[in-house]
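This report refers to the structure that appears directly beneath it.
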Protein chains: 2
Amino acid sequence: MTTIETIADQLKLLGDKTRLNIISILVQQEACVCHLVEILQTTQPNISQHLRKLKDAGLVKEDRRGQWIYYSLQIEDKPHIQAVVEYLPEAEEKVKTILNGLPCK
Amino acid sequence: MTTIETIADQLKLLGDKTRLNIISILVQQEACVCHLVEILQTTQPNISQHLRKLKDAGLVKEDRRGQWIYYSLQIEDKPHIQAVVEYLPEAEEKVKTILNGLPCK
DNA sequence: CAATAATATAAGCAAGTGATTATATAATAG
DNA sequence: CTATTATATAATCACTTGCTTATATTATTG
């Protein structure tokens with residue numbers, strides 16, 4: 001069973017613009033830290049720390065591929081999160097452009 | 001249009017156990033402050049202040065009836081909030097018992 | 001091995017948050 | 001008008017949060 005308190009804790013994670021942006025990007029496709037830094041125009045540690053919170057809560061999973069760690073959503077078992085995600089505005093074109101470019105440098 | 005930032009701000013409001021509990025109660029039926037204090041076992045100013053935040057964000061509306069102010073949800077125009085609400089665990093029996101009792105003292 | 005790139009972790013700090021206590025306002029009852 | 005009940009507001013405080021800067025770790029390349 002999922003308690004109100006657990007749900008509140010997960011929603012609290014979505015209640016931050018940086019994390020919600022990360023999620024709106026990961027809805028489209030997986031991405032690694034350097035991509036997210038580019039798209040969201042912030043620092044690498046900032047993104048890393050937000051990703052850690054999302055990972056600790058089980059909302060994202062990571063997949064290391066050599067030097068890069070790709071993050072993706074893991075919300076199949078979280079209907080109240082899925083419900084929110086459905087109504088997020090689409091992440092912009094910029095996302096695809098950057099994501100389709102070469103890994104980072 | 002609703003921006004990611006606006007949605008994040010609304011989700012932030014749901015990301016607190018007291019407020020999410022309030023919402024889960026108001027899904028069932030309207031309630032006044034004294035009811036919520038009873039059900040959630042906290043202080044009157046605490047409930048009042050959470051209700052104010054919810055009201056400022058347009059998530060609840062108030063309806064004064066004499067001495068009492070009844071609060072109810074106002075989320076018809078907020079699909080991402082509705083989506084969350086659908087997946088909240090039902091508020092307990094206790095709620096109905098107290099809500100069906102006489103107004104507060 | 002050394003240099004570089006991607007990511008993680010740690011420390012510090014300013015700003016925000018949730019709760020409590022005390023007080024004010026508003027409506028009703030007598 | 002006075003007392004009481006319901007609610008709101010204000011002040012305070014411990015705690016949390018998001019971001020930055022600095023440093024560590026891990027993998028790749030030559």
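The chains referred to below are lettered A, B, ... by the order of the sequence lines, with proteins before strands, and numbering in each begins at 1.
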Contact pattern, 5' to 3', of nucleotides 19-30 of chain C - B, S or - by protein heavy atom under 4.0 Å: SBBB----SS--
Lys12(A) or Tyr71(A), whichever maps to the more 5' nucleotide of DNA chain C: Tyr71(A)
Gap between atoms CG and C1', on Leu20(A) and dT17(D) respectively (whole Å): 17 Å
Residue pair Val85(A), Leu14(A): steps toward the side-chain contact (heavy atoms from CB on, under 4.5 Å) verdict: CA-CA 10 Å; Val85(A) 165; Leu14(A) 304 199; 5.6 Å; no
Separation of dG18(C) P from Asp56(B) CG (nearest whole Å): 13 Å
Whole-Å distance separating the CG atom of Asp9(B) from the P atom of dT17(C): 9 Å
Which pairs of donor and acceptor atoms, one on a side chain in residues 26-39 of chain A, lie under 3.5 Å apart (sequence neighbours left out)?
{"unit_1": "Glu30(A)", "atom_1": "OE1", "unit_2": "Arg65(A)", "atom_2": "NH2", "d": "2.9"}
{"unit_1": "Glu30(A)", "atom_1": "OE2", "unit_2": "Arg65(A)", "atom_2": "NH1", "d": "3.2"}
{"unit_1": "Glu30(A)", "atom_1": "OE2", "unit_2": "Arg65(A)", "atom_2": "NH2", "d": "2.8"}
{"unit_1": "His35(A)", "atom_1": "ND1", "unit_2": "Cys32(A)", "atom_2": "N", "d": "3.4"}

Which side-chain N or O atoms in residues 15-23 of chain A pair as donor and acceptor under 3.5 Å with protein atoms at least two apart or in another chain?
{"unit_1": "Asp16(A)", "atom_1": "OD2", "unit_2": "Thr18(A)", "atom_2": "N", "d": "3.0"}
{"unit_1": "Asp16(A)", "atom_1": "OD2", "unit_2": "Arg19(A)", "atom_2": "N", "d": "3.0"}
{"unit_1": "Arg19(A)", "atom_1": "NE", "unit_2": "Leu13(A)", "atom_2": "O", "d": "2.7"}
{"unit_1": "Arg19(A)", "atom_1": "NH1", "unit_2": "His50(A)", "atom_2": "ND1", "d": "3.1"}
{"unit_1": "Asn21(A)", "atom_1": "ND2", "unit_2": "Lys17(A)", "atom_2": "O", "d": "3.0"}

Summary of disulfide (SG to SG under 2.5 Å) pairs that have at least one residue in residues 40-70 of chain A, sequence neighbours excluded: none
Distance in angstrom units between Leu40(B) CG and dG18(C) P, rounded: 15 Å
Touch class at under 4.0 angstrom, heavy-atom based, for Lys55(A) against every strand present: nothing
Members of residues 24-37 of chain A that approach DNA chain D, where some heavy atom sits under 4.0 Å away: none
Salt bridge (charged side-chain N to carboxylate O under 4.0 Å, His left out): pairs with one or both residues in residues 43-55 of chain B, sequence neighbours excluded: Arg52(B)-Asp56(B), Lys55(B)-Glu62(B)
Exam field: side chain Lys78(B) to backbone Gly58(B), donor-acceptor pair closer than 3.5 Å: yes
For atom CG of Leu54(A) and atom C1' of dG18(D), their distance in whole Å: 13 Å
Closest heavy-atom pair and its distance - His80(B), Val84(A): O-CG2, 4.3 Å
Considering all heavy atoms, the nearest Cys104(B)-Trp68(B) contact: N-NE1, 4.0 Å
